[in-house]
Amino acid sequence: MLFISILLLIMVMAIPSLKTQISPILFQRLSSIILIYAGALSLNALYIQSIGSGIGIYSGLFHVTFISQLLDIFIYIIGAAILIARPLPIFVNYTNSSLIEENNYKNSIEYCLLIMFSTLGASLLISSSNLISMYLSIELQSFAIYILSTLYRNSESATSAGLKYFLLGSLASCFILLGSGLIYTFTGLTNLESIYNLISVTGPSQITQGIALGFIFIFSGFLLKIAAPLHNWAPDVYDESPTIVTIWLTIMPKISILIFILEIFTQITSVNPILVSLDSMVGGFAINNTIGLNTIKNLLLISSLFSLIIGTVVGLAQTKIKRLLAYSTISHIGFILLALAINSEQSIDSFIFYIIQYTLTNLNTFLILLAIGYILNNKNIFNKGSEKDIKYISELKGLFFSNPILSISLTICLLSMAGTPPLLGFFSKQFVLYSAIESGYYFMAISGILVSIISASYYLRIIRILHTEVNNSFKAEGHNETNTTVGISNIHSLLMSSLTLLILFFVLRPSILLKSTQLLSLTLYSY
């Protein structure tokens, strides 16, 4: 349905008579409605009785399951929320309004189409059950994001960010393609279900080691795409891209890739647990001299450890807000990978819960930063790239005195990221660390506790700047430079308030979310 809608929108925009009749606001709202309707169709598919065990479609290229449909709904809702939160300027007696309106129109249409293409790739990746469909899905998602990073062509920083993302994303794709080629060389198969069955009946052999080596390359490529722990591209791309693009970069690619890694890893460990049994443990790491499937567990554990350390230590020295949030994201990915590597019912429960918490908290944080940028720097975002973005932490000085509501909302999000009880982020870290201790990963659990304490310092630094330092430079800044205003939409305000209240009052009614994640984790182990 989403693919057909994208084609129809492209055809509509190719007709000049229709193109002039569709305003950017209408196109944006229509795209959001399409994503919401796609989520409703995914919800309706849950009534199919055999959906739990999975339904193969398109000759086994995709495998639709209960968990994939639920996560599709989640992805579509998040995509619609990000899409509809993008503001549009109101022009008042501006001399070059026709030129700016044309740039605004083009950017709005391209932004909406790229978001829909990326959402489609994420949805297909979650349901992929073949090496070919896996690679095509990840590339569909990645290429849309490459273009999205360079959407503002007049911004040199945005162009530089997109080029970095493209080069390193291409390297990650090469790893994924190399791993897929190795698996096909040793097995002659591309269907993941057939590969799992081959592993279950083969036992330790050269074929199994070849399959494991292929999956190691695939996992390495995916980890590079989510900046864990090879993070060199992430801070630059996050900082140099417009905030409305950074929202998408920090959320959507990571959800789809992490869920796909979860499906592969749980299937591998379930079909032949002997091959992933740990003969000896040192700090939670398996000691084995041969290339086996337990090497994948070690890869996830090492990536988790380095992500925790790098995201925390390097983040302490940051002065730019989006670079700091990039390193914060790397640290959060470390917790998620730790939950995945443990691979128990409890850890998978905490894995899914952490992804949901991470998505909601990051979405709200960037929406708030976006709103602060509109209020403090009322300039034309569509003509000169990302001028409206908040770049430095120092720009937030004294925000509490001028806009206490946004300041308090941002404070709640930052405290949740730091793991302060009783906010939503505290419970996600608690569940991951508890599952690590229960499974004997004491070194990783201690490391997680230490980095949580250290990372709280840079969150508290931002909160201190928000509430204790006064900056008088933001008195109606930008209003005399242009006659263009950008207002925060009602939906934008509703999203920020709803997410803030969810983070703040989760402890009052936690059963809905907790039972949902438990159901999803049990589903993975039931089929």
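Here the closest heavy-atom approach between residue Ala172 and residue Gly221 is recorded as CB-O, 3.3 Å. For the pair Val237 and Lys164, the tightest heavy-atom approach, listed with the atom from each and the gap, is CG2-CB, 4.5 Å. Contact between Leu300 and Ala341 at its shortest, heavy atoms only, is CB-CB, 3.8 Å. Minimum interatomic distance between Ile264 and Phe215 (heavy atoms only, all atoms of both residues): CG2-CE2, 3.7 Å. Shortest non-hydrogen contact noted between Met252 and Gly79 is CE-N, 4.1 Å. Considering every non-hydrogen atom in both Met444 and Leu338, the closest pair reads CB-CD1, 3.7 Å.
To the nearest 0.5 Å, atom OH of residue Tyr327 and atom OG1 of residue Thr312 are 12.0 Å apart. Between atom OG1 of residue Thr329 and atom CG of residue Leu325 there is a gap of 6.5 Å, rounded to the nearest 0.5 Å. The CG atom of Leu35 sits 9.0 Å away from atom OG of Ser5, with the distance rounded to the nearest 0.5 Å. Interatomic distance, CG of Leu340 versus CG of Leu262, reported as 6.0 Å (0.5 Å rounding). The CG atom of Leu140 lies 12.5 Å from the OH atom of Tyr135; values are rounded to the nearest 0.5 Å. Taking OG1 of Thr65 as the reference point, atom CG of Asp72 lies at 9.0 Å (rounded to 0.5 Å).
Between Leu213 and Phe186 the shortest side-chain heavy-atom distance does not fall below 4.5 Å. For the pair Ile216 and Leu299, the minimum side-chain heavy-atom distance is below 4.5 Å. For the pair Ile257 and Ile261, the minimum side-chain heavy-atom distance is below 4.5 Å. Residues Phe431 and Thr517 have side chains not in contact (no heavy-atom distance under 4.5 Å, counting atoms from C-beta outward). Counting heavy atoms from C-beta outward, Tyr434 and Gln346 have side chains that approach closer than 4.5 Å. In this structure the side chain of Ile126 reaches within 4.5 angstrom of the side chain of Glu263, judged on heavy atoms. Residues Leu249 and Tyr165 have side chains in contact (heavy-atom distance under 4.5 Å, counting atoms from C-beta outward). In this structure, the side chains of Ile176 and Lys225 come closer than 4.5 Å at one or more pairs of heavy atoms.
In this structure, Lys429 contributes its side chain and Met417 its backbone to a donor-acceptor pair below 3.5 Å. Using a distance-only test at 3.5 Å, with no hydrogens or angles considered, no donor-acceptor pair links the side chain of Ser328 to the main chain of Leu324. Between the side chain of Ser498 and the main chain of Leu495, no donor-acceptor pair closer than 3.5 Å is present. Using modelled atom types, one side-chain atom of Asn362 and one backbone atom of Tyr358 make a donor-acceptor pair closer than 3.5 Å. Panel note: side chain Thr250, backbone Ile247; no donor-acceptor pair is recorded below 3.5 Å. Looking at Ser133, its side chain does come within 3.5 Å of a backbone N or O of Leu61 through a donor-acceptor pair. Within the 3.5 Å criterion, the main-chain N or O of Ala436 finds no donor-acceptor partner in the side chain of Ser439. With hydrogens and angles disregarded, no donor-acceptor distance shorter than 3.5 Å links the side chain of Gln141 to the backbone of Ser137. Counting only distance, with no hydrogens or angles, the side chain of Ser331 and the backbone of Gly311 share no donor-acceptor pair below 3.5 Å.
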- [ ] Check the pair Ser170 / Tyr146 against side chain to side chain donor-acceptor pair (under 3.5 Å), numbers first and verdict last.
- [x] CA-CA 10 Å; Ser170 300; Tyr146 300 152; 4.8 Å; no
TODO: Kindly determine whether Ser173 and Ile138 satisfy side chain to side chain contact (heavy atoms under 4.5 Å, CB included), including the steps that lead there.
DONE: CA-CA 8 Å; Ser173 299; Ile138 190 64; 5.6 Å; no
TODO: Decide yes or no on side chain to side chain contact (heavy atoms under 4.5 Å, CB included) for Leu305 and Ile309, but give the supporting numbers first.
DONE: CA-CA 6 Å; Leu305 180 62; Ile309 295 174; 4.0 Å; yes
- [ ] Would you check, one step at a time, whether the test side chain to side chain contact (heavy atoms under 4.5 Å, CB included) holds for Ile145 with Leu114?
- [x] CA-CA 7 Å; Ile145 297 176; Leu114 290 173; over 6 Å; no
TODO: Could you walk me through whether Ile355 and Leu71 pass the side chain to side chain contact (heavy atoms under 4.5 Å, CB included) test, one step at a time?
DONE: CA-CA 11 Å; Ile355 287 181; Leu71 290 170; over 6 Å; no
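Sorted by first then second residue, the side chain to side chain donor-acceptor pair (under 3.5 Å) pairs that include residues 300-311, not counting sequence neighbours, number zero. The side chain to side chain donor-acceptor pair (under 3.5 Å) contacts involving residues 183-195 comprise Asn130-Thr190, where partners must be two or more places apart or lie in separate chains.
By the neighbour-count criterion of 12 heavy atoms within 6.0 Å, atom CZ of Phe175 is sparsely surrounded, having that number or fewer from other residues, nucleotides or ligands. Other residues, nucleotides and ligands contribute more than 12 heavy atoms inside 6.0 Å of the CZ atom of Phe74.
Under the 30°/60° scheme for interplanar angles, the aromatic rings of Phe353 and Phe506 are found to be tilted.
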